[in-house]
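Comments concern the structure below.
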Amino acid sequence: MVRKMEGRLIIAAIILTALTACGNDVKEHTAPPIYDRDSVSMMTSYGVNTLISDSGVIKYRIVTERWDVNMVRQPSRWTFEKGIFFEQFDEKFHVQAYVQADTAWYYDQKKLWHLRGRVRIRNINGLIYTSEELYWDGMKHELYSNVFSKVVTPDRQMEGSYFRSDEQMRHYLVSNSKGSFEREDMTGENKAEEQPKDPADTTVVEEPVRQAAQKHRRSTP
């Protein structure tokens, strides 16, 4: 019995020695993290159709395939890499505009939307805006773009490389532009008092559009 115990102890010692010898050759392999901590989204939602409020008032309905929220990264942001479509409401919950883009970012601290890729807006007045990039400043309540933009309304069309407007797109400016207008838009004449228009009565105005219109008004008897 004693011999058996001694034999077992010897075997255990041999195994322990072997494991210790192997352990000296073992190296720990580590890899750096795949992503930096601040680049990982805190929340990711799919198939989103939700209402968003501002100061307790519902302002938007957002529809998107994917919505990432990152409150650690500075500045904190919402990311919509799969496109976005949303409706804008007034205080009485009436739809004021439809907005869509291929990609969008919203910086919540600045209340700033950055829309890119086939940006399109349509408001209740029939105005249609298209561009490849647009910023929407919720603090200043204005929209602006420094790339080619196109504005089409029921009675005019304008194109230019700079665009600025209020949130309702009732007052807007397009510079470095060209566009077509009905003559009454520049002279202030009453359309009801005019004779049926000939196609030649359409006037094309080159940049600067606003200055040209003002000059035409001053020169009109």
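Quick caveat: nothing in here was measured; it's all calculated off a predicted structure. Positions are given from 1, in the same order as the sequence printed here.
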- Message: What I'd like to find out is whether the side chain of Val174 reaches to under 4.5 Å of the side chain of Ser149, using heavy atoms alone.
- Response: no
- If you measure from CG on Leu127 to OG on Ser165, what distance do you get to the nearest 0.5 Å? 7.5 Å
- Validation row, ring centre Trp67 to ring centre Tyr106 under 6.0 Å: no
- Among Phe163, Tyr135, Tyr162, find the one that has a ring-ring contact (aromatic ring centres under 6.0 Å, His included) with Tyr144. Tyr135
- Nearest atoms (heavy-atom pairs only) where Glu133 meets Tyr129: O-OH, 3.9 Å
- Given Ile128 and Ile121, is the side-chain contact (heavy atoms from CB on, under 4.5 Å) satisfied, shown in steps? CA-CA 6 Å; Ile128 299 176; Ile121 299 177; over 6 Å; no
- Same apolar cluster (I L V M F W Y, side chains within < 4.5 Å links), Met43/Met71: yes
- Heavy-atom side-chain proximity of Lys150 to Met158 below 4.5 angstrom: no
- Just by distance, do the side chain of Thr153 and the backbone of Arg156 share a donor-acceptor pair under 3.5 Å? yes
- Phe93 vs Val95 side-chain heavy atoms within contact, under 4.5 Å: no
- Query: Is the CD atom of Glu91 crowded by more than 12 outside heavy atoms at less than 6.0 Å?
  - Reply: no
- Task: In sequence, state the C-alpha distance, the side-chain angles, and the governing distance for Glu142 and Arg164, and then conclude on side-chain contact (heavy atoms from CB on, under 4.5 Å).
- Result: CA-CA 7 Å; Glu142 65 178 14; Arg164 186 174 293 271; 2.6 Å; yes
- Query: Taking all non-hydrogen atoms of both residues, which atom of Asp102 and which atom of Arg118 are closest, and how far apart?
  - Reply: OD2-NE, 2.9 Å
- Query: Just by modelled atom types, is the Lys111 backbone N or O under 3.5 Å from a matching donor or acceptor in the Asp108 side chain?
  - Reply: no
- At their closest point, which heavy atom of Ile84 faces which heavy atom of Ala104, and how far apart are they? CG2-CB, 3.7 Å
- Task: Considering non-hydrogen atoms only, spot the tightest contact between Thr44 and Arg66 and give its length.
- Result: CG2-NE, 3.8 Å
- Message: Is there a side-chain contact (heavy atoms from CB on, under 4.5 Å) between His141 and Asp166? Walk through the geometry before answering.
- Response: CA-CA 6 Å; His141 303 288; Asp166 62 354; over 6 Å; no
- Assign the ring pair Trp78 / Phe80 to parallel, tilted or perpendicular, where the plane angle (0 to 90°) is split at 30° and 60°. perpendicular
- Salt-bridge present (Lys82, Glu65; N to O < 4.0 Å): no
- Query: With ring centroids as reference points, do Tyr60 and Trp136 lie under 6.0 angstrom apart?
  - Reply: yes
- Is there a chain of hydrophobic side chains (I, L, V, M, F, W, Y, each step under 4.5 Å between heavy atoms) that links Ile52 to Trp113? yes
- Query: Are the side chains of Val63 and Val48 in touch, meaning some heavy atoms are under 4.5 Å apart?
  - Reply: no
- Item | Nearest heavy-atom neighbours spanning Met169 and Asn123 | CB-ND2, 3.7 Å
- Is Arg116 salt-bridged to Glu132, going by a charged N under 4.0 Å from an acidic O? no
- Task: Starting at CG of Leu51, measure out to CD of Glu87 and round the result to the nearest 0.5 Å.
- Result: 9.0 Å
- Message: Would you say CZ of Arg120 has more than 12 non-hydrogen atoms from neighbouring residues, nucleotides or ligands within 6.0 angstrom?
- Response: no
- Query: Is Arg77 reaching over with its side chain to a backbone N or O of Pro75, donor-acceptor style, under 3.5 angstrom?
  - Reply: yes
- If you look at every heavy atom in Lys110 and Asp137, which pair is closest and at what distance? O-OD1, 4.3 Å
- Message: Between Phe86 and Arg61, is the side-chain contact (heavy atoms from CB on, under 4.5 Å) condition met? List the steps.
- Response: CA-CA 5 Å; Phe86 60 86; Arg61 179 194 302 276; 5.6 Å; no
- Using a 4.5 Å cut-off on heavy atoms from C-beta on, say whether the side chain of Leu143 contacts that of Leu134. yes
- Message: Less than 4.5 Å apart, side chain to side chain, heavy atoms only: is that true for Thr79 and Asn70?
- Response: no
- Message: Using modelled atom types and a 3.5 Å cut-off, is there a donor and acceptor pairing between side-chain atoms of Ser131 and backbone atoms of Phe148?
- Response: yes
- Message: For the OG1 atom of Thr64 and the OH atom of Tyr46, what is their distance to the nearest 0.5 Å?
- Response: 11.0 Å
- Task: Find out whether Gln109 and Gln74 are in side-chain contact, i.e. whether some heavy atom of one side chain is under 4.5 Å from a heavy atom of the other.
- Result: yes
- Message: Can you confirm whether Phe85 sits close enough to Ile62 that some side-chain heavy atom of one is under 4.5 Å from a side-chain heavy atom of the other?
- Response: no
